[in-house]
Amino acid sequence: MKTLELNGYLAGVNARKAKLAPEGAVLAVESCRNGGARRTAGKRSALKSADARAQAAKVQPVLSNY
């Protein structure tokens, strides 16, 4: 069994992440969202409720398709 130091391991992980997806190349979250065509009624209701709470609190709501 090989023993790894956590700090060294995390440094390697962060280096690989930076190499694979630099800050400018990461896609916007909105472009990764699905269409929401197969949402259950419960999930649709929860998303609508979250939108209403965000608007009442004058906070930018999370984009969602319902």
By side-chain contact (heavy atoms from CB on, under 4.5 Å) - contacts of Leu6 (at least two apart): Leu10

From CD (Gln60) to CD (Gln55), nearest 0.5 Å: 9.5 Å

Set of residues satisfying side-chain contact (heavy atoms from CB on, under 4.5 Å) with respect to Arg44, sequence neighbours excluded: Arg39, Tyr66

Minimum heavy-atom distance Asp51-Val62, with the two atoms named: OD1-O, 3.8 Å

Listed partners of Thr40 passing side-chain hydrogen bond (donor to acceptor under 3.5 Å, both in side chains), at least two apart: none

For Val59, all residues meeting side-chain contact (heavy atoms from CB on, under 4.5 Å), sequence neighbours excluded: Ala57

